Amino acid sequence: MAARSLRIGDLTLRKPIFQGGMGIGISLSGLAGAVAREGGAGTISAAQIGFMEKDFEENPLKANLRAMEQELKKAREVASGGVVGFNVMAAMNHYREYVKQAAKIGADFIVSGAGLPVDLPDLVKSYSIKIAPIVSTEKSAQVILRYWAKKFNRIPDFLVIEGPRAGGHLGFTREQLEEFSPEISRSSRSVSQSGRDKSQGAFGAYGKEIEKIISKVREYEEQFAKKIPIVLGGGISDRQQAEAAFAVGADAVQAASRFVATEECDAHENYKKAYIEAKEEDIVLVKSPVGMPGRAIRNSFLERIKKGERIPPGKCRGCLKKCRPAEIPYCITEALIHAAKGETDKGLLFCGGDAYKIRKIETVKSVMEELFD
């Protein structure tokens, strides 16, 4: 499959791929810059991005805002003029400050999920930065498109659809995850022969939901006489899945886990090793303190949680809007920081549904070539 370029306003991707944001500390300047250099869109995760700063424990907001600027600057140095932006979770405390910082320091785009970013257009109205919500269902797409159109008289610059095979926090209930049967049908993975019908089969029951979301997007494209590029992610780990995404109507794909075991990824070597050693049965669904299901690699930390053990926060850093520190089974920030520092038995290792297929350390360039060339 020859890669086709994609234009989003004044931005041009030589290869139609967004590297998904991974926090804490997994997709920073090294990975984002490398993906951008190879022609894709590199995404820096803003989630507790300043965790290595000396003043993080005393003033996490200040440390995070400073680290955002530092990481973007370093990514630009690597990217050779490529496209670099931020993932900012709507569930984060100080969401407004992080969004405004991304726009102020000159990021190319913001993608925002883990909740609906209803006020995102208002926060960046003085800037030219591109913005995109992350949705997983027709209902969430309809809500955000209608709200932005009615309140701000605008539509997204692009829209990200994250399917049930994605890693990290998932925009589904447990019941929806069962309904959409996220296992990709091995018998339908070739889409070159029968086009759209086969591509829907490649995404299982979720193929119909993708079609509904795209249909809803087309309504708003017609209303505003403007294209809304669609980025489809969730289990995009090889060329066949990328082909299926384009056949079902996507303009670009999003891949995250596929880039973890690369030389350029900012993850600790122990984190990468956990991906390489993971078996299919090690990829499990978890309940996050964010209030959403997530997908991660089973380890001793998750076994403790599964047995009902509560791991109280050592310190509350006020990272999430709806968190109740006295009630949560564990602190998501502390669990992810442990993982980011390579303390994999103490941490939460988010991953996509196909992470077990990764068997070696590669380069960003080789991953991109495998997906497109």
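For clarity, every value in this text was computed on a predicted model and none was experimentally measured.
Taking a cutoff of 4.0 Å between a charged side-chain nitrogen and a carboxylate oxygen, K306 and E303 do not qualify as a salt bridge. By the 4.0 Å N-to-carboxylate-O rule, K272 lies too far from D266 to be salt-bridged with it. Salt bridge status for E219 with K216: present, with a side-chain N to carboxylate O gap under 4.0 Å. Using a cutoff of 4.0 Å between basic side-chain nitrogens and carboxylate oxygens, E369 and K365 are scored as salt-bridged. Salt bridge R258/E362: present, at least one basic N to carboxylate O contact under 4.0 Å. The pair D108-R76 counts as a salt bridge, with a side-chain nitrogen and a carboxylate oxygen less than 4.0 angstrom apart. Salt-bridge check for E38 with R14: failed, with every basic side-chain N at 4.0 Å or more from each acidic carboxylate O.
Formation of a donor-acceptor pair under 3.5 Å by the R239 side chain with backbone atoms of E370 is found in this model. Panel note: side chain R310, backbone I328; a donor-acceptor pair is recorded below 3.5 Å. With R359 contributing its side chain and Y356 its backbone, the two residues share a donor-acceptor pair below 3.5 Å. Looking only at distances, no side-chain donor or acceptor of D282 sits under 3.5 Å from a matching main-chain atom of R298. A donor-acceptor pair under 3.5 Å links the side-chain atoms of Q19 to the main chain of T43, judged by distance alone. S300 contributes a side-chain N or O that, together with a main-chain N or O of D345, makes up a donor-acceptor pair within less than 3.5 Å. Side chain of E138 to main chain of E209: no donor-acceptor pair is present (N/O by atom type, distance under 3.5 Å, no hydrogens or angles). At least one donor-acceptor pair under 3.5 Å links the side chain of R295 to the backbone N or O of P164. Side chain of K130 to backbone of G9: no donor-acceptor contact under 3.5 angstrom is found. Panel note: side chain E334, backbone G314; a donor-acceptor pair is recorded below 3.5 Å.
Partner of P133 under the side chain to side chain contact (heavy atoms under 4.5 Å, CB included) criterion, chosen from L145, L116, I161, I144: I144. Exactly one of I131, V231, L120, N87 qualifies for a side chain to side chain contact (heavy atoms under 4.5 Å, CB included) with V111. That residue is N87. Of the candidates D157, I155, I214, I228 forms a side chain to side chain contact (heavy atoms under 4.5 Å, CB included) with just one, namely I155.
Considering only heavy atoms from C-beta on, R4 comes within 4.5 Å of F246 through its side chain. Using a 4.5 Å heavy-atom threshold, the side chains of H169 and I332 count as touching. Put simply, the side chain of F86 reaches to within 4.5 Å of the side chain of L72, judged on heavy atoms. Put simply, the side chain of F51 does not reach to within 4.5 Å of the side chain of T333, judged on heavy atoms. You'll find the side chain of I283 reaches within 4.5 Å of the side chain of I297, heavy atoms only. T344 places none of its side-chain heavy atoms less than 4.5 Å from the side chain of K273.
The hydrophobic clustering, which links ILVMFWY residues whose side-chain heavy atoms are closer than 4.5 Å, places I236 and F259 together. Y147 and I110 end up in the same hydrophobic cluster when Ile, Leu, Val, Met, Phe, Trp and Tyr side chains are linked at under 4.5 Å. When hydrophobic clusters are built by joining Ile, Leu, Val, Met, Phe, Trp and Tyr residues whose side-chain heavy atoms come closer than 4.5 Å, directly or via intermediates, Y220 is grouped together with L159. I26 and V35 fall within the same hydrophobic cluster, where Ile, Leu, Val, Met, Phe, Trp and Tyr residues are linked whenever their side-chain heavy atoms come under 4.5 Å apart, directly or through other members. Following chains of ILVMFWY side-chain contacts shorter than 4.5 Å, one cannot reach I134 starting from I44, and the two form parts of different hydrophobic clusters.
Atom CZ of R7 has more than 12 neighbouring heavy atoms from other residues, nucleotides or ligands inside a 6.0 Å radius. Within 6.0 Å of the CE atom in M52, the count of heavy atoms belonging to other residues, nucleotides or ligands does not exceed 12. Around NZ of K341, the count of heavy atoms belonging to other residues, nucleotides or ligands within 6.0 Å does not exceed 12. Heavy atoms of other residues, nucleotides or ligands lying less than 6.0 angstrom from NZ of K287 number 12 at most. The number of heavy atoms from other shown groups lying within 6.0 Å of CD (E58) is above 12.
Between the side chains of Y98 and N64, a donor-acceptor pair is found at a separation under 3.5 Å.
The two residues I305 and P329 make their nearest non-hydrogen contact at CD1-O, 4.0 Å. Closest non-hydrogen pair, L348 versus A296, comes out as CD1-CB, 3.8 Å. The shortest heavy-atom contact between I213 and A141 is CG2-CB, 4.0 Å. Between G163 and F172, the shortest heavy-atom distance links the atoms C-CE1, 3.6 Å. Across every non-hydrogen atom of A75 and S29, the tightest pair is N-CB, 3.5 Å. Closest non-hydrogen pair, S27 versus M22, comes out as OG-N, 2.7 Å.
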Working for side-chain contact (heavy atoms from CB on, under 4.5 Å), residues K74 and E69:
CA-CA 9 Å; K74 289 191 289 185; E69 185 169 13; over 6 Å; no
Intermediate values then yes/no, salt bridge (Lys or Arg N to Asp or Glu O under 4.0 Å), R317 and E57
CA-CA 7 Å; R317 298 164 186 83; E57 295 296 338; 3.2 Å; yes
Go through it in stages, so that I can follow the logic: the residues are L177 and R174, the test is side-chain contact (heavy atoms from CB on, under 4.5 Å), and I'd like the CA-CA distance, side-chain angles, deciding distance and then a yes or no.
CA-CA 5 Å; L177 288 172; R174 289 295 290 254; 4.3 Å; yes
side-chain contact (heavy atoms from CB on, under 4.5 Å) between K346 and I337, intermediate numbers included
CA-CA 9 Å; K346 298 180 180 179; I337 287 178; over 6 Å; no
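Cation-pi geometry between R165 and Y206 is not met at under 6.0 angstrom from the ring centre and within 45 degrees of the axis.
Checked against side-chain hydrogen bond (donor to acceptor under 3.5 Å, both in side chains), S128 has no partners two or more places apart in sequence or in another chain.
Between the CG atom of L123 and the CZ atom of R96 there is a distance of 5.0 Å, given to the nearest 0.5 Å. Taking CG of L232 as the reference point, atom CD of E162 lies at 10.0 Å (rounded to 0.5 Å). A distance of 4.5 Å separates CG of L336 from CD1 of I24, quoted to the nearest 0.5 Å. Taking CZ of F109 as the start and CD1 of I129 as the end, the distance is 8.5 Å to the nearest 0.5 Å. How far CD of Q142 is from NZ of K212: 13.0 Å, rounded to the nearest 0.5 Å. In this structure, CE on M292 lies 10.5 Å from OG1 on T173, to the nearest 0.5 angstrom.
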